[in-house]
Amino acid sequence: MIDVLVAGAGIGGLTAALSLHAAGIGVRVIDGVDALRPVGVGINLLPHAVRELTELGLGAELAATAVPLAETLHFDRHGNHIWGEPLGLARGHHWPQYSLHRGALQLILLDAVRDRIGENAVQTGTAFVRYAESEGSGALRVTLRDVRRGREFAVPVRALVGADGLYSAVRARLHPGEGPPLWNGIRMWRGVTEWEPVLGGRAMAFAGSNATTKLVVYPISREAELRGRALLNWVAEVRFPVHHHGAPGPVDWNRSGRLSDVLPHLSGWRIGDLDVPALLAATGSTGRILEYPMVDRDPLPWWGRGPVTLLGDAAHPMYPVGSSGGSEAVLDARVLARCMAHAGVDRVSGLRAYEAERWGPANAVALANRAMPVDEVLRAVAERAPEGFSRVEDVLTGEELGGLGEGYRRMRGCW
(Lines give C-alpha, C1' and ligand atoms only; values in the text may rest on other atoms or scores of the structure.)
Protein backbone atom coordinates (compact mmCIF):
# COMPACT_ATOMS: atom_id res chain seq x y z
CA MET A 1 0.00 0.00 0.00
CA ILE A 2 1.41 3.37 -1.07
CA ASP A 3 0.38 6.06 1.41
CA VAL A 4 0.51 9.07 -0.96
CA LEU A 5 1.25 8.70 -4.66
CA VAL A 6 2.33 11.90 -6.41
CA ALA A 7 1.95 11.88 -10.20
CA GLY A 8 4.51 14.29 -11.65
CA ALA A 9 8.14 14.94 -10.70
CA GLY A 10 8.21 18.65 -11.40
CA ILE A 11 8.77 21.45 -8.91
CA GLY A 12 5.43 20.97 -7.17
CA GLY A 13 5.54 17.18 -7.09
CA LEU A 14 9.08 16.97 -5.71
CA THR A 15 8.44 19.69 -3.12
CA ALA A 16 5.33 17.78 -2.07
CA ALA A 17 7.38 14.60 -1.66
CA LEU A 18 9.94 16.36 0.54
CA SER A 19 7.23 18.04 2.60
CA LEU A 20 5.18 14.88 3.10
CA HIS A 21 8.27 12.94 4.10
CA ALA A 22 9.26 15.65 6.59
CA ALA A 23 5.76 15.32 8.08
CA GLY A 24 6.22 11.57 8.55
CA ILE A 25 3.93 10.61 5.66
CA GLY A 26 4.96 7.93 3.22
CA VAL A 27 5.20 9.08 -0.39
CA ARG A 28 6.22 7.86 -3.82
CA VAL A 29 6.56 9.96 -6.99
CA ILE A 30 6.02 8.76 -10.55
CA ASP A 31 6.71 10.45 -13.87
CA GLY A 32 6.22 9.24 -17.41
CA VAL A 33 9.53 10.59 -18.76
CA ASP A 34 12.31 8.08 -19.22
CA ALA A 35 14.75 10.17 -17.17
CA LEU A 36 14.60 13.51 -15.36
CA ARG A 37 16.93 15.96 -17.08
CA PRO A 38 17.66 19.68 -16.44
CA VAL A 39 15.45 21.10 -19.20
CA GLY A 40 13.79 24.47 -19.67
CA VAL A 41 15.03 27.99 -19.06
CA GLY A 42 14.80 30.49 -16.21
CA ILE A 43 12.36 30.60 -13.31
CA ASN A 44 11.78 32.97 -10.40
CA LEU A 45 11.10 32.01 -6.80
CA LEU A 46 9.32 34.70 -4.82
CA PRO A 47 10.35 35.30 -1.18
CA HIS A 48 7.51 33.28 0.32
CA ALA A 49 8.52 30.23 -1.77
CA VAL A 50 12.19 30.71 -0.84
CA ARG A 51 11.14 30.71 2.81
CA GLU A 52 9.34 27.38 2.38
CA LEU A 53 12.24 25.76 0.55
CA THR A 54 14.67 27.11 3.14
CA GLU A 55 12.58 25.53 5.89
CA LEU A 56 12.92 22.27 3.95
CA GLY A 57 16.69 22.59 4.35
CA LEU A 58 17.49 23.72 0.80
CA GLY A 59 18.64 27.27 1.55
CA ALA A 60 22.35 26.60 0.99
CA GLU A 61 21.76 24.85 -2.33
CA LEU A 62 19.61 27.71 -3.58
CA ALA A 63 22.12 30.34 -2.47
CA ALA A 64 24.94 28.53 -4.28
CA THR A 65 22.94 28.24 -7.52
CA ALA A 66 20.55 31.17 -7.88
CA VAL A 67 20.89 34.93 -8.26
CA PRO A 68 19.15 37.05 -5.59
CA LEU A 69 17.43 39.75 -7.63
CA ALA A 70 17.69 43.29 -6.27
CA GLU A 71 15.25 45.25 -8.46
CA THR A 72 12.74 45.23 -11.25
CA LEU A 73 13.09 47.81 -14.01
CA HIS A 74 10.59 48.80 -16.71
CA PHE A 75 11.44 50.55 -19.96
CA ASP A 76 9.61 51.45 -23.14
CA ARG A 77 10.75 49.84 -26.38
CA HIS A 78 13.20 52.76 -26.92
CA GLY A 79 14.98 52.13 -23.62
CA ASN A 80 13.42 55.02 -21.69
CA HIS A 81 12.96 54.22 -18.00
CA ILE A 82 9.33 54.01 -16.85
CA TRP A 83 9.36 52.58 -13.33
CA GLY A 84 11.16 50.26 -10.95
CA GLU A 85 11.14 48.92 -7.41
CA PRO A 86 13.42 46.84 -5.16
CA LEU A 87 12.92 43.09 -4.87
CA GLY A 88 13.51 40.46 -2.23
CA LEU A 89 15.98 41.44 0.49
CA ALA A 90 16.35 44.92 -1.00
CA ARG A 91 12.61 45.40 -0.50
CA GLY A 92 12.82 44.40 3.15
CA HIS A 93 11.71 40.77 2.90
CA HIS A 94 13.40 38.24 5.16
CA TRP A 95 14.17 36.00 2.16
CA PRO A 96 15.52 36.81 -1.29
CA GLN A 97 13.73 36.59 -4.60
CA TYR A 98 15.79 34.09 -6.54
CA SER A 99 16.16 33.57 -10.26
CA LEU A 100 17.73 30.34 -11.50
CA HIS A 101 17.53 27.74 -14.24
CA ARG A 102 14.37 25.65 -13.93
CA GLY A 103 16.41 22.49 -14.55
CA ALA A 104 18.82 23.41 -11.76
CA LEU A 105 15.94 23.85 -9.33
CA GLN A 106 14.43 20.53 -10.32
CA LEU A 107 17.77 18.77 -9.77
CA ILE A 108 18.16 20.37 -6.32
CA LEU A 109 14.75 18.99 -5.38
CA LEU A 110 15.34 15.60 -7.01
CA ASP A 111 18.69 15.10 -5.26
CA ALA A 112 17.08 15.96 -1.93
CA VAL A 113 14.21 13.50 -2.50
CA ARG A 114 16.56 10.65 -3.37
CA ASP A 115 18.90 11.47 -0.51
CA ARG A 116 16.17 11.70 2.15
CA ILE A 117 13.54 9.23 0.95
CA GLY A 118 15.56 6.79 -1.15
CA GLU A 119 16.83 6.20 -4.66
CA ASN A 120 13.54 4.54 -5.62
CA ALA A 121 11.35 7.33 -4.25
CA VAL A 122 10.95 8.67 -7.80
CA GLN A 123 10.00 6.15 -10.48
CA THR A 124 10.54 7.48 -14.00
CA GLY A 125 9.11 5.80 -17.05
CA THR A 126 5.89 5.26 -15.08
CA ALA A 127 2.75 7.07 -16.19
CA PHE A 128 -0.60 7.50 -14.45
CA VAL A 129 -3.50 5.92 -16.37
CA ARG A 130 -6.62 5.89 -14.16
CA TYR A 131 -7.89 5.22 -10.68
CA ALA A 132 -10.87 3.54 -9.07
CA GLU A 133 -11.99 3.61 -5.46
CA SER A 134 -11.81 0.29 -3.66
CA GLU A 135 -15.19 -0.39 -2.09
CA GLY A 136 -15.27 -0.12 1.69
CA SER A 137 -11.52 0.45 2.08
CA GLY A 138 -11.32 4.21 1.52
CA ALA A 139 -8.30 3.55 -0.69
CA LEU A 140 -7.69 3.69 -4.43
CA ARG A 141 -6.64 1.18 -7.02
CA VAL A 142 -4.38 3.20 -9.32
CA THR A 143 -3.46 1.86 -12.73
CA LEU A 144 -0.02 2.84 -13.98
CA ARG A 145 1.80 2.15 -17.22
CA ASP A 146 5.38 1.02 -17.57
CA VAL A 147 6.30 3.30 -20.48
CA ARG A 148 9.34 1.27 -21.53
CA ARG A 149 7.49 -2.04 -21.72
CA GLY A 150 4.04 -0.69 -22.59
CA ARG A 151 2.55 -2.73 -19.76
CA GLU A 152 -0.12 -1.63 -17.26
CA PHE A 153 -0.18 -2.62 -13.61
CA ALA A 154 -2.20 -1.58 -10.55
CA VAL A 155 -1.11 -0.41 -7.08
CA PRO A 156 -3.15 0.27 -3.92
CA VAL A 157 -2.93 3.90 -2.79
CA ARG A 158 -4.40 5.79 0.18
CA ALA A 159 -4.19 9.19 -1.54
CA LEU A 160 -3.37 10.42 -5.05
CA VAL A 161 -1.95 13.87 -5.85
CA GLY A 162 -1.97 15.00 -9.47
CA ALA A 163 1.06 17.25 -9.92
CA ASP A 164 1.37 16.37 -13.59
CA GLY A 165 1.22 19.79 -15.17
CA LEU A 166 -0.79 21.57 -17.84
CA TYR A 167 -1.91 18.34 -19.51
CA SER A 168 -2.60 16.57 -16.22
CA ALA A 169 -4.01 13.07 -16.68
CA VAL A 170 -5.31 13.15 -13.10
CA ARG A 171 -7.15 16.43 -13.78
CA ALA A 172 -8.66 14.91 -16.94
CA ARG A 173 -10.06 12.05 -14.84
CA LEU A 174 -11.53 14.44 -12.29
CA HIS A 175 -12.80 16.93 -14.87
CA PRO A 176 -13.37 15.12 -18.18
CA GLY A 177 -14.12 17.03 -21.36
CA GLU A 178 -12.36 20.23 -20.34
CA GLY A 179 -10.75 20.81 -23.73
CA PRO A 180 -7.36 22.28 -24.70
CA PRO A 181 -5.55 25.10 -22.89
CA LEU A 182 -6.73 28.65 -23.63
CA TRP A 183 -4.46 30.84 -25.76
CA ASN A 184 -4.40 34.64 -25.50
CA GLY A 185 -2.70 35.33 -28.85
CA ILE A 186 0.83 35.78 -27.46
CA ARG A 187 3.67 33.59 -28.64
CA MET A 188 6.83 33.45 -26.53
CA TRP A 189 10.40 32.81 -27.55
CA ARG A 190 12.87 32.06 -24.74
CA GLY A 191 16.59 31.51 -24.51
CA VAL A 192 19.61 31.52 -22.19
CA THR A 193 22.95 33.13 -23.08
CA GLU A 194 26.15 33.86 -21.19
CA TRP A 195 26.81 37.57 -21.48
CA GLU A 196 28.37 40.55 -19.79
CA PRO A 197 26.49 41.68 -16.66
CA VAL A 198 23.89 44.29 -17.62
CA LEU A 199 21.63 46.79 -15.86
CA GLY A 200 23.52 46.53 -12.59
CA GLY A 201 23.84 42.75 -12.67
CA ARG A 202 20.87 41.76 -10.50
CA ALA A 203 17.86 43.30 -12.21
CA MET A 204 14.77 41.80 -13.79
CA ALA A 205 14.19 44.10 -16.75
CA PHE A 206 11.04 44.56 -18.82
CA ALA A 207 10.78 46.55 -22.04
CA GLY A 208 7.92 47.30 -24.39
CA SER A 209 4.35 46.09 -24.05
CA ASN A 210 2.70 42.79 -24.86
CA ALA A 211 0.07 44.69 -26.82
CA THR A 212 2.70 44.26 -29.57
CA THR A 213 6.16 43.14 -28.39
CA LYS A 214 7.62 42.80 -24.92
CA LEU A 215 11.02 41.67 -23.65
CA VAL A 216 11.99 40.28 -20.24
CA VAL A 217 15.63 39.70 -19.22
CA TYR A 218 17.19 38.53 -15.95
CA PRO A 219 20.32 36.63 -14.74
CA ILE A 220 19.94 33.04 -13.51
CA SER A 221 23.36 31.73 -12.45
CA ARG A 222 25.31 32.50 -9.28
CA GLU A 223 28.27 30.55 -10.68
CA ALA A 224 28.44 32.80 -13.74
CA GLU A 225 28.13 35.86 -11.49
CA LEU A 226 31.12 34.74 -9.43
CA ARG A 227 33.14 34.56 -12.65
CA GLY A 228 32.20 38.15 -13.49
CA ARG A 229 29.72 37.03 -16.15
CA ALA A 230 25.94 36.74 -16.40
CA LEU A 231 23.85 33.84 -17.63
CA LEU A 232 20.92 35.82 -19.01
CA ASN A 233 17.46 34.38 -19.44
CA TRP A 234 15.39 36.30 -21.98
CA VAL A 235 11.75 36.06 -23.01
CA ALA A 236 10.24 37.77 -26.05
CA GLU A 237 6.45 38.02 -26.12
CA VAL A 238 4.80 38.88 -29.45
CA ARG A 239 1.05 39.28 -29.84
CA PHE A 240 -0.76 37.99 -32.90
CA PRO A 241 -4.45 38.02 -33.77
CA VAL A 242 -5.83 34.93 -32.06
CA HIS A 243 -6.95 33.55 -35.43
CA HIS A 244 -3.44 34.12 -36.90
CA HIS A 245 -2.17 30.71 -35.81
CA GLY A 246 -5.55 29.14 -35.10
CA ALA A 247 -5.51 26.85 -32.09
CA PRO A 248 -2.08 26.80 -30.46
CA GLY A 249 -1.95 23.01 -30.55
CA PRO A 250 -0.15 20.98 -27.89
CA VAL A 251 2.06 23.15 -25.69
CA ASP A 252 5.52 21.63 -25.69
CA TRP A 253 7.82 23.48 -23.28
CA ASN A 254 10.86 22.11 -25.14
CA ARG A 255 9.79 22.94 -28.69
CA SER A 256 12.61 24.58 -30.66
CA GLY A 257 12.03 28.03 -32.10
CA ARG A 258 13.83 29.95 -34.83
CA LEU A 259 15.88 33.12 -34.41
CA SER A 260 14.56 34.39 -37.74
CA ASP A 261 10.99 34.33 -36.41
CA VAL A 262 11.63 36.45 -33.32
CA LEU A 263 14.57 38.73 -34.20
CA PRO A 264 12.68 41.07 -36.58
CA HIS A 265 10.27 42.00 -33.78
CA LEU A 266 13.19 43.34 -31.67
CA SER A 267 15.30 44.94 -34.38
CA GLY A 268 17.15 48.00 -33.08
CA TRP A 269 16.14 47.52 -29.42
CA ARG A 270 18.66 48.67 -26.83
CA ILE A 271 17.85 48.72 -23.12
CA GLY A 272 20.51 50.56 -21.13
CA ASP A 273 23.76 48.72 -21.79
CA LEU A 274 21.98 45.70 -23.32
CA ASP A 275 22.10 45.25 -27.10
CA VAL A 276 18.98 43.14 -27.50
CA PRO A 277 19.45 41.86 -31.09
CA ALA A 278 23.04 40.87 -30.27
CA LEU A 279 21.88 38.90 -27.22
CA LEU A 280 19.28 37.02 -29.24
CA ALA A 281 21.69 36.36 -32.09
CA ALA A 282 24.24 34.95 -29.64
CA THR A 283 21.59 32.57 -28.31
CA GLY A 284 20.76 31.44 -31.81
CA SER A 285 24.40 30.68 -32.59
CA THR A 286 25.47 29.02 -29.33
CA GLY A 287 22.32 27.73 -27.67
CA ARG A 288 18.73 26.76 -28.21
CA ILE A 289 15.72 29.01 -28.60
CA LEU A 290 12.37 27.68 -27.36
CA GLU A 291 8.94 28.76 -28.62
CA TYR A 292 5.46 28.18 -27.27
CA PRO A 293 2.11 29.95 -26.88
CA MET A 294 1.06 31.72 -23.68
CA VAL A 295 -1.79 29.62 -22.33
CA ASP A 296 -3.70 28.88 -19.16
CA ARG A 297 -6.97 27.23 -18.15
CA ASP A 298 -10.12 28.51 -16.50
CA PRO A 299 -10.21 28.00 -12.71
CA LEU A 300 -11.83 24.76 -11.60
CA PRO A 301 -14.85 24.83 -9.26
CA TRP A 302 -13.11 22.18 -7.15
CA TRP A 303 -9.79 20.37 -7.28
CA GLY A 304 -10.46 16.90 -5.89
CA ARG A 305 -12.90 14.26 -4.78
CA GLY A 306 -12.36 11.56 -2.17
CA PRO A 307 -8.68 10.66 -1.74
CA VAL A 308 -7.63 12.54 -4.92
CA THR A 309 -6.49 16.13 -5.43
CA LEU A 310 -4.45 18.39 -7.72
CA LEU A 311 -1.40 20.58 -7.18
CA GLY A 312 0.57 23.23 -9.08
CA ASP A 313 -0.08 23.62 -12.81
CA ALA A 314 -2.42 20.63 -12.74
CA ALA A 315 -4.69 22.60 -10.39
CA HIS A 316 -4.20 26.23 -11.51
CA PRO A 317 -2.06 26.76 -14.64
CA MET A 318 -1.29 30.45 -15.11
CA TYR A 319 0.44 32.79 -17.52
CA PRO A 320 4.18 33.14 -16.83
CA VAL A 321 3.99 36.90 -16.32
CA GLY A 322 4.04 37.42 -12.56
CA SER A 323 6.88 35.09 -11.49
CA SER A 324 4.23 33.12 -9.62
CA GLY A 325 3.76 29.68 -11.20
CA GLY A 326 6.60 27.82 -9.50
CA SER A 327 6.14 29.70 -6.24
CA GLU A 328 2.44 28.82 -6.07
CA ALA A 329 3.30 25.15 -6.62
CA VAL A 330 5.74 25.28 -3.70
CA LEU A 331 3.05 26.82 -1.48
CA ASP A 332 0.58 24.12 -2.56
CA ALA A 333 3.03 21.39 -1.61
CA ARG A 334 3.79 22.81 1.82
CA VAL A 335 0.13 23.40 2.71
CA LEU A 336 -0.78 19.92 1.45
CA ALA A 337 1.72 18.26 3.77
CA ARG A 338 0.71 20.38 6.75
CA CYS A 339 -3.00 19.71 6.28
CA MET A 340 -2.47 15.98 5.84
CA ALA A 341 -0.28 15.84 8.93
CA HIS A 342 -2.91 17.66 11.00
CA ALA A 343 -5.63 15.30 9.75
CA GLY A 344 -3.76 12.23 10.93
CA VAL A 345 -4.83 8.99 9.26
CA ASP A 346 -7.88 10.63 7.64
CA ARG A 347 -6.33 11.32 4.25
CA VAL A 348 -9.56 12.60 2.68
CA SER A 349 -10.16 15.31 5.30
CA GLY A 350 -6.51 16.35 4.95
CA LEU A 351 -6.93 16.80 1.20
CA ARG A 352 -10.15 18.80 1.62
CA ALA A 353 -8.47 21.06 4.20
CA TYR A 354 -5.61 21.68 1.77
CA GLU A 355 -8.04 22.58 -1.00
CA ALA A 356 -10.02 24.88 1.27
CA GLU A 357 -6.86 26.81 2.13
CA ARG A 358 -5.27 26.97 -1.32
CA TRP A 359 -8.13 27.01 -3.86
CA GLY A 360 -9.08 30.67 -3.42
CA PRO A 361 -5.61 32.27 -3.18
CA ALA A 362 -4.11 30.22 -6.03
CA ASN A 363 -7.01 30.95 -8.36
CA ALA A 364 -6.86 34.65 -7.46
CA VAL A 365 -3.20 34.76 -8.50
CA ALA A 366 -3.96 32.88 -11.73
CA LEU A 367 -6.74 35.31 -12.66
CA ALA A 368 -4.56 38.32 -11.79
CA ASN A 369 -1.87 36.98 -14.11
CA ARG A 370 -4.50 36.54 -16.82
CA ALA A 371 -5.66 40.15 -16.38
CA MET A 372 -2.06 41.42 -16.65
CA PRO A 373 -2.68 44.67 -14.75
CA VAL A 374 0.95 45.76 -15.14
CA ASP A 375 0.75 45.50 -18.92
CA GLU A 376 -2.27 47.78 -18.99
CA VAL A 377 0.00 50.60 -17.79
CA LEU A 378 2.85 49.64 -20.15
CA ARG A 379 0.36 49.57 -23.02
CA ALA A 380 -0.71 53.11 -22.13
CA VAL A 381 2.92 54.27 -22.39
CA ALA A 382 3.28 52.72 -25.84
CA GLU A 383 0.04 54.32 -27.04
CA ARG A 384 0.68 57.79 -25.62
CA ALA A 385 4.38 58.04 -26.47
CA PRO A 386 5.03 55.73 -29.45
CA GLU A 387 8.30 57.51 -30.26
CA GLY A 388 9.53 57.62 -26.67
CA PHE A 389 9.59 60.29 -23.98
CA SER A 390 11.91 62.43 -21.86
CA ARG A 391 9.96 62.37 -18.58
CA VAL A 392 7.62 59.55 -17.66
CA GLU A 393 5.57 62.02 -15.64
CA ASP A 394 4.55 63.58 -18.97
CA VAL A 395 3.09 60.22 -20.02
CA LEU A 396 1.64 58.61 -16.88
CA THR A 397 -0.14 60.04 -13.88
CA GLY A 398 1.13 59.35 -10.38
CA GLU A 399 -1.84 57.07 -9.84
CA GLU A 400 -0.97 55.06 -12.95
CA LEU A 401 2.65 54.69 -11.85
CA GLY A 402 1.45 53.53 -8.43
CA GLY A 403 -0.74 51.00 -10.21
CA LEU A 404 2.34 49.15 -11.44
CA GLY A 405 3.30 48.17 -7.90
CA GLU A 406 -0.27 47.26 -7.02
CA GLY A 407 -0.52 45.15 -10.15
CA TYR A 408 2.52 43.14 -9.15
CA ARG A 409 1.16 42.59 -5.67
CA ARG A 410 -1.99 41.10 -7.18
CA MET A 411 -0.03 38.91 -9.59
CA ARG A 412 2.25 37.64 -6.81
CA GLY A 413 -0.28 37.09 -4.08
CA CYS A 414 0.51 40.39 -2.27
CA TRP A 415 4.30 39.90 -2.26
Side-chain angles (χ1 to χ4, degrees), residues 10-16 18-19 38-73 84-113 190-195 197-206 216-235 253 312-313 318-334 365 369 408-409 411-415:
I11 293 168
L14 293 173
T15 305
L18 289 170
S19 301
V39 297
V41 281
I43 188 172
N44 268 267
L45 290 173
L46 299 177
H48 52 286
V50 174
R51 175 194 63 200
E52 299 295 343
L53 293 175
T54 299
E55 290 180 357
L56 272 174
L58 300 175
E61 290 86 345
L62 289 173
T65 305
V67 176
L69 295 180
E71 58 183 337
T72 181
L73 301 171
E85 69 174 5
L87 295 175
L89 297 175
R91 190 173 175 79
H93 293 306
H94 296 297
W95 301 272
Q97 176 172 329
Y98 277 137
S99 63
L100 70 167
H101 196 287
R102 177 180 290 271
L105 175 58
Q106 187 172 17
L107 287 183
I108 288 172
L109 295 167
L110 179 62
D111 287 345
V113 168
R190 304 192 66 168
V192 174
T193 309
E194 184 165 308
W195 203 251
V198 297
L199 302 170
R202 289 188 169 182
M204 173 180 279
F206 300 80
V216 186
V217 180
Y218 54 89
I220 61 171
S221 171
R222 176 68 174 144
E223 183 274 333
E225 185 179 73
L226 291 173
R227 291 189 285 106
R229 301 284 288 172
L231 187 64
L232 295 181
N233 176 89
W234 60 264
V235 188
W253 305 120
D313 282 350
M318 60 188 68
Y319 294 159
V321 296
S323 303
S324 297
S327 296
E328 290 297 305
V330 169
L331 290 185
D332 287 352
R334 298 292 282 158
V365 171
N369 277 268
Y408 272 120
R409 283 185 284 276
M411 294 162 66
R412 295 173 175 177
C414 296
W415 281 78

**Tyr98: partners by ring-ring contact (aromatic ring centres under 6.0 Å, His included), with sequence neighbours left out** =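 Here no residue qualifies.
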Are the side chains of [Y] and [X] in contact, using a 4.5 Å heavy-atom criterion?
{"X": "Leu69", "Y": "Pro219", "answer": "yes"}
{"X": "Glu71", "Y": "Leu199", "answer": "no"}
{"X": "Arg91", "Y": "Pro47", "answer": "no"}

Please round to the nearest 0.5 Å and tell me the distance separating atom [atom1] of [X] and atom [atom2] of [Y].
{"X": "Gln106", "Y": "Leu14", "atom1": "CD", "atom2": "CG", "value": "6.0 Å"}
{"X": "Leu109", "Y": "Leu58", "atom1": "CG", "atom2": "CG", "value": "6.0 Å"}
{"X": "Leu100", "Y": "Glu61", "atom1": "CG", "atom2": "CD", "value": "12.0 Å"}

Would you name the heavy atoms of [X] and [Y] that are closest together and state the gap between them?
{"X": "Pro197", "Y": "Ala230", "result": "CA-CB, 3.8 Å"}
{"X": "Glu225", "Y": "Val67", "result": "OE2-CG1, 3.9 Å"}
{"X": "Trp234", "Y": "Val217", "result": "CB-CG2, 4.0 Å"}
{"X": "Val192", "Y": "Val41", "result": "CG2-CG1, 3.7 Å"}
{"X": "Gly12", "Y": "Ala329", "result": "CA-CB, 3.9 Å"}
{"X": "Leu73", "Y": "Ala203", "result": "CD1-CB, 3.8 Å"}

**Item:** side-chain hydrogen bond (donor to acceptor under 3.5 Å, both in side chains) involving Asn369 - partner list, sequence neighbours excluded
**Value:**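 Here no residue qualifies.
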**Message:** If we ignore hydrogens and angles and just use 3.5 Å, is the side chain of Ser327 paired with the main-chain N or O of Leu46 as donor and acceptor?
**Reply:**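 Judged by distance alone, yes, a pair lies under 3.5 Å.
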**Request:** Spell out, as yes or no, whether a donor-acceptor pair under 3.5 Å connects the side chain of Arg190 to the backbone of Gly42.
**Result:**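 Yes, because the side chain of Arg190 sits within donor-acceptor range (under 3.5 Å) of the backbone of Gly42.
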**Single hit among Leu53, Val330, Ile108 for side chain to side chain contact (heavy atoms under 4.5 Å, CB included) with Ile11** =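 Answer to the side chain to side chain contact (heavy atoms under 4.5 Å, CB included) test with Ile11 among Leu53, Val330, Ile108: Val330.
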**Asked** Would the number of heavy atoms belonging to other residues, nucleotides or ligands and lying under 6.0 Å from CZ of Arg202 be above 12?
**Response**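 Counting other residues, nucleotides and ligands, CZ of Arg202 exceeds 12 neighbours.
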**Request:** Write out all pairs satisfying salt bridge (Lys or Arg N to Asp or Glu O under 4.0 Å) with one or both partners inside residues 319-332, taking only residues at least two apart or from two chains.
**Result:**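 Applying salt bridge (Lys or Arg N to Asp or Glu O under 4.0 Å) to every pair that reaches into residues 319-332, excluding sequence neighbours, yields Glu328-Arg358, Asp332-Arg358.
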